[in-house]
Every structure is written in structure tokens, then in C-alpha cells.
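Data first, discussion second: the structure below is written as C-alpha cells.
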Protein chains: 2
Amino acid sequence: MPKVTSKPTTIEHVDLDVLEDTLSFYIRTMNIAVSRDLDARLDGCEVARGTGKITTLLLVDSHPGIRPSVIAQIIMKDRSAMGRLIEQMIEHDLLRRQTSASERRAQELYVTPKGAELAAMIRPIVTKQSKDFFSFIAEEEQAQVMDILRRAYRKMVGMTGERD
Amino acid sequence: MPKVTSKPTTIEHVDLDVLEDTLSFYIRTMNIAVSRDLDARLDGCEVARGTGKITTLLLVDSHPGIRPSVIAQIIMKDRSAMGRLIEQMIEHDLLRRQTSASERRAQELYVTPKGAELAAMIRPIVTKQSKDFFSFIAEEEQAQVMDILRRAYRKMVGMTGERD
DNA sequence: GGCAAATAGTGGACAAATGCAACTATTTTT
DNA sequence: AAAAATAGTTGCATTTGTCCACTATTTGCC
């Protein structure tokens with residue numbers, strides 16, 4: 001039974017119905033905002049727009065030889081979307097691809113010099129953007145949210161938490 | 001300086017570079033997952049796919065006469081995107097539109113009987129989906145995250161926190 | 001009163017992203 | 001040796017978002 005209010009003409013008189021208490025609503029909405037902001041800061045940077053490019057670049061940079069399918073799992077894309085993303089980044093001369101010697105079905109990804117340079121440039125930007133964007137949340141609370149979401153994420157993608 | 005690990009073939013040996021500590025990464029990633037899950041549950045429901053339809057329906061239902069532009073602010077879309085969304089929902093006979101008597105530039109939105117019915121059906125689904133999806137996070141922590149994100153969201157869209 | 005600026009909504013064009021399903025190549029199972 | 005699983009590719013249809021220009025109405029100012 002929704003509480004009914006009439007003809008609100010400004011946002012201040014609106015309540016969000018059940019969405020008010022729905023975590024998914026806030027995740028979905030904050031996503032739009034934070035993504036937009038990030039795109040704005042990375043404007044022209046060859047890795048703007050859409051989730052994935054940044055993660056892919058950083059991941060390949062710090063895990064030379066990593067496979068597309070592994071990245072796909074991490075960013076939750078299907079293989080075809082992943083393939084296109086990589087194709088795009090190869091055309092931009094950020095990545096290089098070679099089929100694995102041991103597993104000739106699979107590929108190994110490497111950054112190009114240009115890719116490495118961009119990764120180095122982007123790393124601090126991404127970190128700063130997140131901090132800045134959420135700056136109206138206290139550091140402590142940011143950490144808290146992140147900690148919780150990190151655990152959720154890890155369970156979801158099946159990371160066990162062990163490092164190598 | 002990224003820590004370099006070589007050729008990971010499974011997700012368990014991957015660390016996320018700086019993204020590991022980047023709140024925006026988790027928001028963006030969880031968004032993909034939660035949206036997909038929601039779409040799956042609402043399959044066929046006329047309001048699946050993409051942020052906005054659900055929020056719009058619930059909002060119009062609980063605020064009869066609300067304006068498109070107000071909803072646009074809430075879900076962070078531009079007016080043209082909002083217009084198309086509404087158009088679509090009108091075609092599906094979920095909403096009804098009439099120009100405001102006092103402000104002939106503006107419109108007032110109302111749910112149709114079918115829209116009201118759908119809203120009633122959807123409300124519990126949305127709530128449950130969020131709870132279920134995040135069920136591997138303790139209730140308490142869910143509430144904590146939600147509380148923080150809610151405040152962030154409100155600041156962002158310029159809600160002052162007063163209710164009507 | 002009348003003109004300029006702001007606000008609400010519409011419409012078109014265009015570039016991307018997404019998801020699905022079919023297809024090849026390689027490896028593993030049985 | 002055949003069947004099933006895995007990695008990646010390709011094509012297609014759908015959706016989405018964005019940008020920009022355009023109309024209508026209202027408001028503010030001179």
C-alpha cells in the first residue's frame with residue numbers, strides 16, 4: 001500500500017516508495033552518477049565509456065599473459081562482449097594478443113608500451129576519482145561500504161580470497 | 001607501481017590492482033550483477049531492462065500527477081530519455097498523461113488501472129530481489145551500506161531530506 | 001505591454017553497449 | 001574415435017544514451 005502524495009513539482013517533496021529502502025536502487029543509481037563522472041574525467045583518454053576498458057587495461061598490465069575469459073569473469077561480461085572490447089583496445093595499440101603455446105584455444109594478453117604508459121597515467125586518476133566522488137561520505141564510512149561490497153563481489157565472482 | 005603476477009588462468013589468482021580499493025569499481029560491478037538479476041526476475045513483466053521503468057511506475061503510482069522532469073532528476077536521466085521512457089509506458093497502457101492546468105508547459109502523470117496493478121505486483125518483487133540478492137551480506141551490514149548510500153544519493157540529487 | 005530568458009517537453013540522428021545464438025578451433029572425456 | 005567441454009569470433013537485433021535543435025509556455029525585466 002503506497003503512501004500517496006500528490007503532484008510533486010520539485011524533487012524535495014518526493015519520497016521513493018519502496019525504493020527508499022532498496023539497496024539495489026541506490027547501487028543502480030549511484031552507478032549512473034559515478035560512471036558519468038568518471039567518463040568526464042577520462043574524456044579523450046581512449047578508455048572512457050562503459051565498464052571494462054579500465055579494468056582490462058589495469059589487469060593486463062599487472063598480470064601479463066592473462067586470458068580474456070578470466071577478465072570477462074572479473075568484469076562480468078560474456079565472452080563476446082569481452083572479445084570486442086579487446087579488439088577495440090588492440091586497435092588503439094594498448095594491448096597485444098598472442099595465442100598461448102600450451103593452450104592453443106586460449107590467448108595471452110600483454111600491454112603495449114603505450115598501454116603501459118596509459119595504465120600508469122590512469123591508475124592515480126581512477127583512485128582519486130573514486131575518493132573525490134564519494135568525498136561527501138566520511139573516509140571511514142567509505143572504507144566500510146567498500147569492505148562490505150568487496151566481500152560481496154568476491155563471493156559473487158567466486159574469488160576465494162587466496163592470492164598467489 | 002603495480003604488483004605483477006604472470007599469466008593467471010583462473011580468477012582465483014588475480015588481484016584487482018588499484019581497483020581492489022576503489023569503491024567505484026565495486027559499485028559499477030555490483031550494478032551489472034544486480035541489474036541482470038533483477039531483469040531475470042521481472043522477465044516479461046513490461047518493466048524489465050534498464051533503470052527507470054520501475055522507478056517511474058512506482059513513483060507515478062505513489063505521487064499521482066508527478067511531472068516527468070521530477071522523475072528525470074530522481075533517476076538521473078535527461079529529459080529526452082525520460083520522454084521516450086514515458087512514451088513507451090503509455091503505449092503499454094501503464095501510464096496516462098495530461099497537461100497541467102496551472103502550468104501548461106508541464107505534464108501530470110497518472111497510472112492506469114493496469115499500471116496500478118503492475119505497481120502492486122512489482123513492489124514486493126523489487127524489495128525481495130534486493131534482499132535476496134544481497135543476502136550474503138548480513139542484514140545489519142546491508143542496512144549500513146544502504147544508509148550510507150542513501151545519504152550520498154540524497155546529496156547528489158539535491159534532496160534536502162524533508163518529507164512532505 | 002512587450003521582449004528576452006528560462007523552463008517543460010519533443011523529435012531526430014548517431015554512436016555504443018548488450019545479449020543471444022550460431023560457428024570454428026582445440027582440448028578433454030569416455 | 002566420437003562426444004562433450006572450453007576459448008574465442010561473428011552477426012544480428014535491441015536498447016540506450018547523448019547531443020542538439022525546435023516548439024510552447026511562463027516569468028522577469030524594462
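In the text below, chain A, chain B and the rest are named by the order of the sequence lines, each starting its count at 1. Because the structure is a prediction, the values reported are computed rather than measured.
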Could you check whether A:Ser102 and A:Ser100, counting side-chain N and O atoms only, form a donor-acceptor pair closer than 3.5 Å?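 On atom types as modelled, these side chains qualify, holding a pair under 3.5 Å.
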
Are B:Asp15 and A:His63 close enough that a side-chain donor and a side-chain acceptor fall under 3.5 Å?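 Present: a donor and an acceptor within the cut-off.
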
If you look at every strand shown and take non-hydrogen atoms under 4.0 Å, does [X] touch a base, only sugar-phosphate, or nothing?
X        : value
B:Ser102 : sugar-phosphate
A:Ala81  : nothing
A:Glu103 : sugar-phosphate
A:Arg84  : base

Any side-chain N or O of [X] under 4.0 Å from OP1/OP2 of [N]?
X        : N      : answer
B:Ser69  : C:dT7  : no
A:Arg97  : D:dT9  : yes
B:Arg36  : C:dT18 : no
B:Arg104 : D:dT25 : yes
A:Gln107 : D:dT9  : yes
B:Lys53  : D:dT16 : yes

Has B:Gln98 got more than 12 heavy atoms of other residues, nucleotides or ligands less than 6.0 Å from its CD?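 Counting neighbours around CD of B:Gln98, more than 12 heavy atoms of other residues, nucleotides or ligands fall under 6.0 Å, so yes.
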
Among D:dT27, D:dT16, D:dA5, which nucleotide sits nearest the side chain of B:Lys77?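 The answer is D:dT16, which lies nearest to the side chain.
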
What nucleotide, of C:dC20, D:dT26, C:dG9, holds the atom closest to the side chain of B:Arg105?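 For the B:Arg105 side chain, the nearest candidate turns out to be D:dT26.
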
Can you measure [X] atom [atom1] to [N] atom [atom2] for me and round it to whole angstrom units?
X       : N      : atom1 : atom2 : result
B:Asp78 : C:dT7  : CG    : C1'   : 15 Å
B:Ile75 : D:dT18 : CD1   : P     : 12 Å
A:Glu87 : C:dA17 : CD    : P     : 14 Å
B:Gln98 : C:dG9  : CD    : C1'   : 16 Å
B:Arg79 : D:dA24 : CZ    : P     : 16 Å
B:Asn31 : D:dG17 : CG    : P     : 11 Å
A:Arg67 : C:dA25 : CZ    : P     : 19 Å
A:Met76 : C:dT18 : CE    : C1'   : 16 Å

Can you check whether B:Ile74's main-chain N or O pairs, donor with acceptor, with B:Tyr153's side chain at less than 3.5 Å?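 Flag set: sc B:Tyr153 to bb B:Ile74 pair under 3.5 Å.
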
For B:Thr51 and B:Ala101, find the nucleotide of DNA chain D closest to each by heavy atoms; which residue's nucleotide sits nearer the 5' end?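 Checking each residue's closest nucleotide, the 5'-ward one belongs to B:Thr51.
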
Go through the steps for B:Leu42 and B:Ile54 under the test side chain to side chain contact (heavy atoms under 4.5 Å, CB included), then give the verdict. CA-CA 10 Å; B:Leu42 262 45; B:Ile54 297 168; 3.4 Å; yes

Please test B:Phe134 against B:Met30 for side chain to side chain contact (heavy atoms under 4.5 Å, CB included), starting from the C-alpha separation and ending with a verdict. CA-CA 10 Å; B:Phe134 293 105; B:Met30 293 300 281; 3.5 Å; yes

